[in-house]
*Asks:* 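Please see the structure below; I have some questions.
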Amino acid sequence: MEREVVILDIDYISYEDKPVIRLFSKDGDKNVILIDDSFVPYLYVYSNDPDECIDDLDELLDNVKIEKLNKKDFQIEKTFIKVTFTHPQELSKHRDEIRDLDSVVQIREFDIPFYRRYLMDRDVIPMTKVKASGEKLDSFSALDSEKHDVEIIKLDKALQRVDENFNDFRILSFDLEVRNPHGMPDSQEDEIIMIGVASNFGINQVISTKKNSPERDDFVCQVSSEKEMIQTFADIIKENNVDIIVGYNSDNFDFPYLIDRAKINDVDLDLGMDGSDIRFIKRGFTNAASMKGLIHVDLYLVMRRYMTLERYTLERVYYELFGEEKIDVPGERIWEFWDNGGEELDNLFDYSLDDVVSTLKIAEQTLPLNLELTRIIGQPLFDVSRMATGQQAEWFLVKQAYFDEEVVPNKQGSNFTDRANAEDNEGGFVLEPDKGLHENLVQFDFRSLYPSIIISKNISPDVLVEDDVEDSGEYNVSPEHDLKFMKTPQGFIPSVIDKILQERFRIKREMKACDDPTEKKALDVQQQAIKRLANTMYGIYGFPRFRWYSFECAKAITSWGRQYIKYAMKESEKYGFKAIYADTDGFYAKYVKK
DNA sequence: CAGAAACGGGG
DNA sequence: GTGTACGTTTCTG
């Protein structure tokens with residue numbers, strides 16, 4: 001059978017000792033899980049003596065496929081040994097043994113999560129529409145498709161891209177209010193008193209065990225107990241085919257709290273498309289709440305990247321975006337409002353609704369950009385919404401490297417990281433502002449200074465000349481450290497930036513020619529997403545934990561940057577201007593005389 | 001003063 | 001989940 005579906009999310013499970021990719025998708029109101037058991041994990045081995053190394057690998061490993069092939073490493077064609085395993089856990093189990101073999105110089109691409117590898121290699125792009133073809137299964141593994149109203153399709157050929165932009169996602173925001181009379185809420189002690197829900201499909205309500213004046217009847221939904229409150233909330237999500245659930249600090253507060261209270265009240269929170277429970281994904285020191293096929297976006301994390309503020313409270317972020325004050329009830333007084341009832345209880349209902357409505361508004365404002373980023377980077381929205389911008393750029397580059405047949409660089413070891421951390425790059429040129437009131441000012445800005453320098457000077461680790469060679473015109477030489485970059489061929493990262501900037505200009509042209517305001521807006525969001533990504537690429541050189549870390553490249557970029565801004569300031573003096581303030585890629589100048 | 005620990009958001 | 005935050009402020013010895 002064939003179906004057009006939108007890919008929402010991805011994971012893999014083990015079935016008969018084989019990895020099976022599951023693509024959680026939707027076709028309108030119908031949940032569809034696409035199954036693909038044809039993908040297996042691999043890594044690359046580099047050896048000075050490939051044939052001897054293959055013998056060693058043969059001896060060491062069972063159930064693997066070993067093949068010699070040519071791949072590029074920093075643009076140099078090299079022979080690598082590709083080792084293909086039957087299961088990701090097998091790869092992880094044997095990784096260190098392979099690395100330790102005498103004939104092995106290094107292993108590569110051994111730390112790329114299986115589902116991400118799948119998305120890149122098969123060019124499957126989350127949050128896009130695809131045509132899927134395969135056999136419909138009645139059930140698969142532990143999953144009961146009757147019970148969970150989900151269709152399972154076992155893919156029999158590659159997904160086909162459908163050239164149509166899909167943006168009609170069903171979004172729901174939620175927020176808990178808790179009765180915490182003794183300081184911060186304690187999930188073992190303090191009950192949930194309200195669950196606010198707002199959506200872009202008509203449901204806006206506050207579920208609560210209390211009710212007060214009839215004026216709040218249109219949005220307060222009274223239930224008999226906390227248990228029923230949680231159950232009602234779970235039913236709303238399950239019955240309304242929600243694609244994206246958003247909260248504010250929900251990774252850290254709402255979901256953990258809800259799960260604790262659900263446990264105490266013996267309620268199933270089986271919100272996953274396959275009937276599975278909410279799970280916590282370990283992410284360094286914090287957790288992320290995740291459900292299969294229901295994308296949870298914590299807007300707090302998104303907003304920290306989206307705008308620069310001194311604080312990121314919901315109130316502050318909302319004010320910044322919409323210029324309106326939110327209804328406020330101080331956290332430490334919520335229990336009093338609840339206990340006192342009457343007008344105060346009504347205020348609390350209003351506050352709860354205001355919180356979720358604001359959260360939804362913020363989601364509608366910021367998700368389009370994140371959806372575009374998701375599609376450009378080619379990784380799940382759940383992941384992308386939690387990645388630092390540098391990581392977004394890195395995963396984008398990993399995917400580009402695959403298309404260029406490049407083997408991606410390994411991340412630096414931790415001891416190197418410490419050393420590299422100590423290295424301090426000078427950064428952009430800053431001229432402290434000349435204090436006072438100035439007249440006749442002009443402003444000067446370089447357009448995308450760092451991306452432009454990377455492209456024009458071809459700054460990339462694969463074309464950096466390490467040896468002490470004489471320059472006879474074939475290199476770009478940095479102004480301060482005499483770092484030499486070959487003029488040809490184009491470096492990997494300059495070529496990627498070049499490509500995406502060209503794509504940005506193409507979109508801008510399309511925008512100009514476009515008459516439909518909705519389409520125009522969508523194109524604008526696309527080009528903004530690309531601009532963000534291009535501007536982040538410079539950062540990729542400066543952070544030791546990233547694969548393309550290169551202190552030399554970072555130094556070269558900023559040194560050229562300083563040269564250009566100083567040159568521009570000097571040139572302006574010839575026309576009677578005097579710079580009164582400068583920072584990195586622009587300056588303000590005062591007209592003094594002709 | 002350097003290195004360790006806490007913090008953010010949420011109620 | 002084939003990778004384990006992060007940058008800044010405050011505390012402590």
Side-chain angles (χ1 to χ4, degrees), chain A residues 10-14 19 39-44 83-96 98-99 107-118 174-187 189-194 196 247-258 261 279-290 298-305 309-317 328-338 348 351-352 355 359 379 383 386-391 394-395 398 408 410-412 414 421 543 545-547:
Chain A
I10 179 169
D11 77 349
Y12 83 90
I13 53 169
S14 299
F39 192 68
V40 277
Y42 61 88
L43 55 73
Y44 294 109
V83 184
T84 306
F85 297 82
T86 53
H87 197 282
Q89 278 164 16
E90 286 291 303
L91 187 155
S92 153
K93 202 167 88 190
H94 297 294
R95 187 168 50 197
D96 293 336
I98 298 172
R99 191 193 275 118
I107 56 172
R108 301 278 284 269
E109 303 203 4
F110 50 84
D111 55 359
I112 295 169
F114 189 59
Y115 69 95
R116 293 202 176 166
R117 181 87 273 174
Y118 179 88
F174 82 110
D175 178 48
L176 308 182
E177 309 302 334
V178 168
R179 187 184 176 280
N180 55 313
H182 311 291
M184 286 308 287
D186 172 359
S187 63
E189 299 283 330
D190 307 330
E191 60 172 336
I192 298 170
I193 51 177
M194 294 179 187
Y248 204 83
N249 201 26
S250 38
D251 269 346
N252 249 311
F253 179 73
D254 298 83
F255 270 120
Y257 208 94
L258 187 68
R261 295 307 298 179
R279 293 179 342 137
F280 282 97
I281 312 262
K282 278 215 170 114
R283 244 174 49 90
F285 299 120
T286 62
N287 290 331
S290 157
D298 185 341
L299 287 171
Y300 165 63
L301 302 168
V302 173
M303 298 322 290
R304 284 174 55 143
R305 284 196 323 251
L309 299 173
E310 59 298 336
R311 291 173 65 80
Y312 293 89
T313 60
L314 179 57
E315 205 182 359
R316 181 71 186 85
V317 166
D328 190 37
V329 176
E332 66 276 8
R333 293 199 56 208
I334 285 175
W335 69 277
E336 292 174 37
F337 278 56
W338 175 255
L348 196 57
Y351 165 73
S352 177
D355 258 13
T359 305
Q379 294 297 334
D383 296 8
R386 289 170 175 77
M387 278 179 198
T389 52
Q391 278 185 349
E394 178 168 292
W395 283 104
V398 172
V408 304
N410 287 341
K411 280 185 272 196
Q412 318 280 4
S414 53
N421 254 329
F543 297 108
R545 61 186 171 282
F546 290 122
R547 290 175 193 272

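It should be emphasised that the depicted structure is a prediction, and the values quoted were computed from it without experimental measurement. Naming convention: chains lettered A, B, ... in sequence-line order (proteins, then strands); numbering from 1 in each chain.
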*Asks:* Using side-chain heavy atoms (C-beta onward) and a distance below 4.5 Å, is A:Tyr115 in contact with A:Asp11?
*Replies:*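 With C-beta onward as the side chain, the pair stays apart.
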*Asks:* What is the distance from CD of A:Glu332 to C1' of B:dG11, rounded to the nearest Å?
*Replies:*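 Interatomic distance, CD of A:Glu332 to C1' of B:dG11: 9 Å.
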*Asks:* Check each residue of residues 178-185 of chain A for a non-hydrogen atom within less than 4.0 Å of any atom in DNA chain B, then write out the ones that pass by number, or none.
*Replies:*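 Heavy-atom contacts with DNA chain B come from A:Val178, A:Asn180, A:Gly183, A:Met184, A:Pro185.
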*Asks:* Kindly compute the distance separating CH2 (A:Trp338) from CD (A:Glu191), expressed to the nearest 0.5 Å.
*Replies:*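 Atom-to-atom, A:Trp338:CH2 and A:Glu191:CD are 7.0 Å apart.
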*Asks:* What's A:Asp355 touching, base or sugar-phosphate or nothing? Going by heavy atoms closer than 4.0 Å.
*Replies:*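 Sugar-phosphate only.
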*Asks:* Between B:dG11, B:dG8, C:dG1, which nucleotide has the shortest distance from any of its atoms to the side chain of A:Pro113?
*Replies:*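 Closest nucleotide among those given: C:dG1.
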*Asks:* Consider side chain to side chain donor-acceptor pair (under 3.5 Å). Of A:Arg99, A:Lys93, A:His94, which one does A:Asp96 pass it with?
*Replies:*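 Exactly one pass, corresponding to A:Arg99.
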*Asks:* Quick one: which of B:dG11, B:dG10, C:dC6 gets closest to the side chain of A:Tyr351?
*Replies:*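 The nucleotide sitting nearest to the side chain is B:dG11.
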*Asks:* Is the backbone of A:Ser187 close enough, under 3.5 Å, to the side chain of A:Arg261 for a donor and an acceptor to pair up by distance?
*Replies:*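 The answer is yes, because a donor-acceptor pair under 3.5 Å joins these two groups.
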*Asks:* Could you tell me how far apart A:Ile281 (CD1) and C:dT4 (P) are, to the nearest whole angstrom?
*Replies:*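 The answer, rounded to whole Å, is 15 Å.
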*Asks:* For A:Tyr300 and B:dG11, give me the distance from atom OH to atom P, rounded to whole Å.
*Replies:*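 Those two atoms, OH and P, are 13 Å apart.
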*Asks:* In this structure, how many angstroms lie between the P atom of B:dG10 and the CD1 atom of A:Ile192, rounded?
*Replies:*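 Taking CD1 of A:Ile192 and P of B:dG10, I get 17 Å after rounding.
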*Asks:* Reckon A:Thr313 touches a base, only the sugar-phosphate, or nothing at all at heavy-atom distances under 4.0 Å?
*Replies:*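 Since only primed, P, OP1 and OP2 atoms lie under 4.0 Å of A:Thr313, the category is sugar-phosphate.
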*Asks:* Is A:Arg386 touching bases, backbone alone, or none of the nucleic acid, heavy atoms closer than 4.0 Å?
*Replies:*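 No contact.
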*Asks:* Is any side-chain heavy atom of A:Thr286 closer than 4.5 Å to a side-chain heavy atom of A:Asp251?
*Replies:*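 No, their side chains stay 4.5 Å or more apart.
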*Asks:* Under the 3.5 angstrom rule, does the side chain of A:Ser352 hit a backbone N or O of A:Leu348 as a donor-acceptor pair?
*Replies:*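 No; judged by distance alone, with no hydrogens or angles, the pair does not exist.
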*Asks:* Among B:dG8, C:dG3, B:dG11, find the nucleotide with the atom closest to the side chain of A:Lys411.
*Replies:*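 Per side-chain heavy atoms of A:Lys411, the pick is C:dG3.
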*Asks:* So does A:Arg311 reach the base of B:dG8 with its side chain, donor to acceptor, closer than 3.5 Å?
*Replies:*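 No, no donor-acceptor pair under 3.5 Å.
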*Asks:* For A:Ile112, report the nucleic acid contact type (base, sugar-phosphate, nothing); a contact means any heavy atom under 4.0 Å.
*Replies:*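 Base: the residue A:Ile112, judged by heavy atoms under 4.0 Å, touches a nucleobase.
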*Asks:* For A:Tyr118, report the nucleic acid contact type (base, sugar-phosphate, nothing); a contact means any heavy atom under 4.0 Å.
*Replies:*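 It contacts nothing in the nucleic acid.
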*Asks:* Using a heavy-atom cut-off of under 4.0 Å over every strand shown, decide if A:Trp395 touches base, sugar-phosphate, or nothing.
*Replies:*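 Counting heavy atoms under 4.0 Å across all strands, the contact made by A:Trp395 includes a base.
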*Asks:* Spell out, as yes or no, whether a donor-acceptor pair under 3.5 Å connects the side chain of A:Glu109 to the backbone of A:Val408.
*Replies:*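 Flag set: sc A:Glu109 to bb A:Val408 pair under 3.5 Å.
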*Asks:* Can you check whether A:Asn249's main-chain N or O pairs, donor with acceptor, with A:Asp298's side chain at less than 3.5 Å?
*Replies:*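 Present.
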*Asks:* For C:dG3, does OP1 or OP2 lie under 4.0 Å from any side-chain N or O of A:Arg95?
*Replies:*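 Looking at the OP1 and OP2 atoms of C:dG3, one of them is under 4.0 Å from a side-chain N or O of A:Arg95.
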*Asks:* Using atom CG of A:Leu309 as one end and atom P of B:dG8 as the other, report the distance to the nearest whole Å.
*Replies:*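 Between P of B:dG8 and CG of A:Leu309: 16 Å.
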*Asks:* Would you classify A:Asp175 as touching base, sugar-phosphate or nothing, given that sugar-phosphate means primed atoms plus P, OP1 and OP2, and contacts are heavy atoms under 4.0 Å?
*Replies:*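 Sugar-phosphate, backbone atoms only, no base.
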*Asks:* Tell me: CZ of A:Phe285 to P of B:dG8, nearest whole Å?
*Replies:*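 Whole-Å distance recorded here is 17 Å.
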*Asks:* What integer number of Å spans the P atoms of C:dA5 and B:dG10?
*Replies:*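 The same atom, P, in both gives a distance of 24 Å.
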*Asks:* Scan A:Leu43 against the nucleic acid and name what it touches under 4.0 Å (heavy atoms): base, sugar-phosphate only, or nothing.
*Replies:*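 It contacts nothing in the nucleic acid.
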*Asks:* Rounding to an integer number of angstrom, what distance separates B:dC7 and C:dG3 when you compare their P atoms?
*Replies:*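 My reading of the P atoms in B:dC7 and C:dG3 gives 31 Å.
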*Asks:* Atom CE of A:Met387 and atom P of C:dT4: how far apart are they, to the nearest Å?
*Replies:*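 Nearest whole value for this atom pair: 14 Å.
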*Asks:* For A:Gln391, report the nucleic acid contact type (base, sugar-phosphate, nothing); a contact means any heavy atom under 4.0 Å.
*Replies:*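 Base contact - A:Gln391 has a heavy atom under 4.0 Å of at least one base atom.
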*Asks:* Using a 4.0 Å heavy-atom cut-off, does A:Phe85 contact any base of the nucleic acid, only the sugar-phosphate backbone, or nothing at all?
*Replies:*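 Here A:Phe85 touches no strand at all.
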*Asks:* Scan A:Leu301 against the nucleic acid and name what it touches under 4.0 Å (heavy atoms): base, sugar-phosphate only, or nothing.
*Replies:*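 No contact.
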*Asks:* Taking only the side-chain nitrogens and oxygens of A:Arg545, find out if one of them lies under 4.0 Å from OP1 or OP2 of C:dC6.
*Replies:*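 It does, given that an N or O in the side chain of A:Arg545 lies less than 4.0 Å from OP1 or OP2 of C:dC6.
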*Asks:* Quick check for you: among C:dG7, B:dG11, C:dG3, whose closest atom lies nearest to any side-chain atom of A:Glu177?
*Replies:*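 Out of C:dG7, B:dG11, C:dG3, the nucleotide with an atom closest to A:Glu177's side chain is B:dG11.
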*Asks:* Take the protein atom CG of A:Leu176 and the nucleotide atom P of B:dG9, then report the distance between them rounded to whole Å.
*Replies:*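 After rounding, the reported distance stands at 19 Å.
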*Asks:* B:dG11 and C:dT8: how far apart are their P atoms, nearest whole angstrom?
*Replies:*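 B:dG11 and C:dT8 have their P atoms separated by 26 Å.
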*Asks:* State which of C:dG3, C:dC6, C:dG1 makes the closest approach to the side chain of A:Gln89.
*Replies:*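 The answer is C:dG1, which lies nearest to the side chain.
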*Asks:* Is there side-chain contact between A:Asp383 and A:Trp395, with at least one heavy-atom pair below 4.5 Å?
*Replies:*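 With C-beta onward as the side chain, the pair stays apart.
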*Asks:* Taking the side chain as everything from C-beta on, heavy atoms only, tell me whether A:Glu189 gets closer than 4.5 Å to A:His182.
*Replies:*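 Not touching, per the 4.5 Å side-chain cut-off.
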*Asks:* Reckon A:Tyr248 touches a base, only the sugar-phosphate, or nothing at all at heavy-atom distances under 4.0 Å?
*Replies:*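 Answer is sugar-phosphate: A:Tyr248 comes under 4.0 Å of backbone atoms only.
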